[in-house]
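This report concerns only the one structure given below.
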Amino acid sequence: MDYKTRTRIARILVDDAVAVDSDVTVLGLARTVRRSKGVAFVDVNDGSCFGNLQAVFAPPENFPVLEKILTGAAVRVRGKLVRSQGKGQEYELAADSIDLVGETDASYPLQKKRHSFEFLREIAHLRPRTNTFGAVNRIRSKLSYAIHKFYQERGFYYIHTPLITTSDAEGAGDLFRVTTLDVKNLPMKDGEIDWTSDFFNDQAYLAVSGQLEGEALAIALGDIYTFGPTFRAENSNTSRHASEFWMIEPEMAWAEQEDNWDLAEEFLKFLFTYALEECKDEMDFFGQWIDKEARQTLESVIKADFERISYTEAIKILEASGEKFEYPVEWGCNLQSEHERYITEKALKKPAIVYDYPEAIKAFYMYLNDDGKTVRAMDVLVPRVGEIIGGSQREHRLDVLEERIRKMNPDHMESYSWYLDLRRYGTRPHAGFGLGFERVLMYITGMANIRDVATFPRVPGWAKF
RNA sequence: UCCCCUGUAGCUCAGUCGGUAGAGCAGCUGACUGUUAAUCAGCGGGUCGCUGGUUCGAGUCCAGCCGGGGGAGCCA
């Protein structure tokens with residue numbers, strides 16, 4: 001059968017690039033089939049866009065295969081593109097022929113009605129065929145492109161950092177172990193597991209961040225970014241956490257924390273603008289079915305100047321708020337979700353960049369301020385999702401960094417020797433941050449659960465498909 | 001990991017006071033000249049998450065376990 005002769009439905013419905021009366025062939029899945037005595041309709045979706053193309057069959061008895069076409073069947077339809085005689089669509093296909101390429105049966109789980117997201121998660125291999133998950137996956141693709149576009153246009157290099165690491169103390173959560181040892185028969189030495197006989201002659205893990213390696217490349221290439229998968233073995237059971245997710249980590253050599261703030265703000269605004277302008281159909285869909293305020297939320301962020309406040313100022317706002325928080329507020333404490341939400345949703349009513357956190361609650365690699373009490377960390381908070389970006393200006397002074405490691409991770413001095421080399425040879429101020437891709441997608445689409453913006457989500461207790 | 005909610009047909013759900021299982025959709029059969037979650041008539045479809053307990057009798061009450069969801073912590 002010839003599959004090369006084909007018109008993507010997006011060419012017809014989105015680009016409006018196919019002339020009426022053209023002969024077209026579409027390949028796709030039958031979404032619904034409606035038959036009556038004189039006329040039958042098959043809505044075909046080929047995944048190229050949100051919309052279905054309605055194929056019209058008259059009279060149906062000339063197309064006996066229609067009786068075998070159920071929702072979900074793969075079909076090829078050939079016919080003439082015409083203006084629709086019915087209401088509800090501009091074009092339709094006056095069909096000359098239809099081939100049933102891949103049949104389906106009554107057990108096909110997807111029906112012509114709304115399914116719960118919980119049910120669809122159990123059939124993650126079929127859910128991309130639905131309107132919602134088709135839109136999610138298309139917007140995921142388009143925003144991936146937008147990320148590259150943003151950085152490439154600004155002279156950042158896309159670099160790849162390792163997914164396997166032997167460094168277990170990057171300070172960003174629990175790690176998945178990578179091993180080829182027989183777990184039922186572990187090699188022992190002096191009563192301990194002998195890791196030197198493992199594949200890498202050492203204990204190995206899946207990386208929780210590419211930041212440290214990213215710094216090495218930034219110092220060589222100037223400005224870089226990573227965009228790839230990352231892994232956290234935290235037992236986090238929330239709608240915002242996944243065990244495997246994609247992260248964007250830009251790193252700028254020759255940069256201090258103000259540059260970091262500017263980049264973060266510009267980056268988010270670029271992505272939101274891109275979604276609104278380049279993903280119109282998907283955004284209309286999300287606005288109608290998922291989150292009525294999706295578009296408005298993005299527009300307000302694009303227009304807002306992000307409020308830049310120090311941690312100390314944030315604490316003052318919280319203390320003066322009169323709110324009763326479950327976790328009491330005092331200088332030195334971690335900002336809890338409820339605190340972050342109050343700041344961005346109630347006090348400021350716009351995105352906030354909070355910086356200069358107490359050194360005791362942040363990672364060792366962050367630049368120590370002259371006050372000796374705070375580091376140049378930054379969290380970007382947005383209404384509804386909370387923390388969407390975390391980053392910092394890095395500590396580039398060798399002696400200060402050594403002291404910080406000695407104080408916070410004394411057992412790992414040895415494994416950071418290469419990282420200290422970056423300060424030993426040609427050091428300079430540099431800064432960067434991490435943005436969780438799925439969290440951006442949640443924010444843009446209004447989808448409430450990270451399991452529904454990841455294509456095949458991995459969370460504690462679930463790694464199917 | 002902690003707190004709360006929840007589990008009934010393929011899907012979405014109802015099931016009152018403890019009295020022996022229901023609807024819509026999907027599927028099948030038929031009707032219908034333009035439908036669009038098509039409509040109309042009919043038919044088939046159940047280990048009520050699992051195990052145990054209370055009771056003459058449990059979908060319903062109790063306990064434990066398992067699954068799912070929401071929130072918290074950790075974070076992106």
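The figures that follow rest on heavy atoms only: side chains count, while hydrogens, waters and symmetry mates do not. Convention: sequence-line order gives letters A, B, ...; per-chain numbering from 1. Please read these numbers as outputs of a predicted model, since none were measured by experiment.
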Answer yes or no: does a side-chain N or O of [X] lie under 4.0 Å from OP1 or OP2 of [N]?
X	N	result
Lys113(A)	A37(B)	no
Arg35(A)	U39(B)	no
Gln336(A)	C74(B)	yes
Arg31(A)	A37(B)	no
Arg127(A)	C11(B)	no

Please pick, from [options], the nucleotide with the shortest atom-to-atom distance to any side-chain atom of [X].
X	options	value
Ser239(A)	G71(B), G73(B), A76(B)	G71(B)
Ser337(A)	C25(B), C75(B), A76(B)	C75(B)
Ser84(A)	U35(B), C74(B), C11(B)	U35(B)
Asn237(A)	C32(B), U1(B), G69(B)	U1(B)
Asn449(A)	C75(B), U35(B), G70(B)	G70(B)
Phe41(A)	A72(B), G34(B), A76(B)	G34(B)
Ala106(A)	U35(B), G27(B), C11(B)	G27(B)
Ser236(A)	U12(B), C28(B), G73(B)	G73(B)
Thr238(A)	G73(B), A76(B), U35(B)	G73(B)
Ile450(A)	C11(B), A76(B), U35(B)	A76(B)

Quote, to the nearest angstrom, the [atom1] distance that separates [N] from [M].
N	M	atom1	answer
G42(B)	A23(B)	P	12 Å
C17(B)	C13(B)	P	22 Å
U6(B)	G44(B)	P	34 Å
U33(B)	G45(B)	C1'	34 Å
G67(B)	A26(B)	P	34 Å
G24(B)	U39(B)	P	12 Å
U47(B)	A9(B)	C1'	13 Å
U51(B)	C66(B)	C1'	10 Å

Just checking [X]: base, sugar-phosphate only, or nothing, at a heavy-atom cut-off of under 4.0 Å?
X	answer
His241(A)	base
Glu67(A)	nothing
Tyr327(A)	sugar-phosphate
Ala242(A)	base
Thr32(A)	sugar-phosphate
Ile388(A)	sugar-phosphate
Ile248(A)	nothing
Gly434(A)	sugar-phosphate
Glu118(A)	sugar-phosphate

Hey, would you say the [X] and [Y] ring centroids sit under 6.0 Å apart?
X	Y	value
His148(A)	Tyr225(A)	yes
Phe325(A)	His339(A)	yes
Phe231(A)	Phe245(A)	no
His160(A)	Tyr158(A)	yes

Separation of atom [atom1] in [X] from atom [atom2] in [N], rounded to whole Å:
X	N	atom1	atom2	value
Asp379(A)	C74(B)	CG	P	12 Å
Phe325(A)	A72(B)	CZ	C1'	15 Å
Lys362(A)	A76(B)	NZ	P	7 Å
Leu335(A)	C74(B)	CG	C1'	14 Å
Asp452(A)	G68(B)	CG	C1'	13 Å
Phe117(A)	G70(B)	CZ	C1'	15 Å
Asn235(A)	G73(B)	CG	P	15 Å
Arg114(A)	C13(B)	CZ	C1'	15 Å

Going by modelled atom types, is there a donor-acceptor pair between the base of [N] and the side chain of [X] at under 3.5 Å?
X	N	value
Glu122(A)	G68(B)	no
Glu92(A)	G34(B)	yes
Arg34(A)	C32(B)	no
Gln111(A)	U12(B)	no
Gln89(A)	U35(B)	yes

Tell me, please, whether Phe437(A) has Arg140(A) positioned over its six-membered ring: NZ or CZ under 6.0 Å from the ring centre and within 45 degrees of its axis?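 That pair does not qualify as a cation-pi contact.
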Nucleotide paired to [N] in any strand shown, Watson-Crick or G-U, under 3.5 Å:
N	value
U1(B)	A72(B)
G57(B)	none
G52(B)	C62(B)
G44(B)	none

A76(B) pyrimidine/purine six-ring stacking with Phe245(A), under 5.5 Å and 30°: yes
OG of Ser84(A) to CD of Glu92(A): how many Å apart, nearest 0.5 Å? 3.5 Å
What class does the angle between the rings of Phe267(A) and Phe433(A) fall in, given that below 30° is parallel, 30 to 60° is tilted and above 60° is perpendicular? tilted
What is the ring orientation for Tyr311(A) with Tyr357(A), classed by angle as parallel under 30°, tilted 30 to 60°, or perpendicular over 60°?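 Rings of Tyr311(A) and Tyr357(A): tilted, as their planes differ by 30° to 60°.
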Residue pair Leu381(A) / Glu387(A): nearest heavy atoms and the distance that separates them: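 It is CD2-CA, 3.9 Å.
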Pick the nucleotide of RNA chain B nearest each of Phe119(A) and Ile361(A); which residue has the one closer to the 5' end? Phe119(A)
Keeping the roles fixed (side chain from Glu249(A), backbone from Gly210(A)), state whether a donor-acceptor pair exists under 3.5 Å. yes
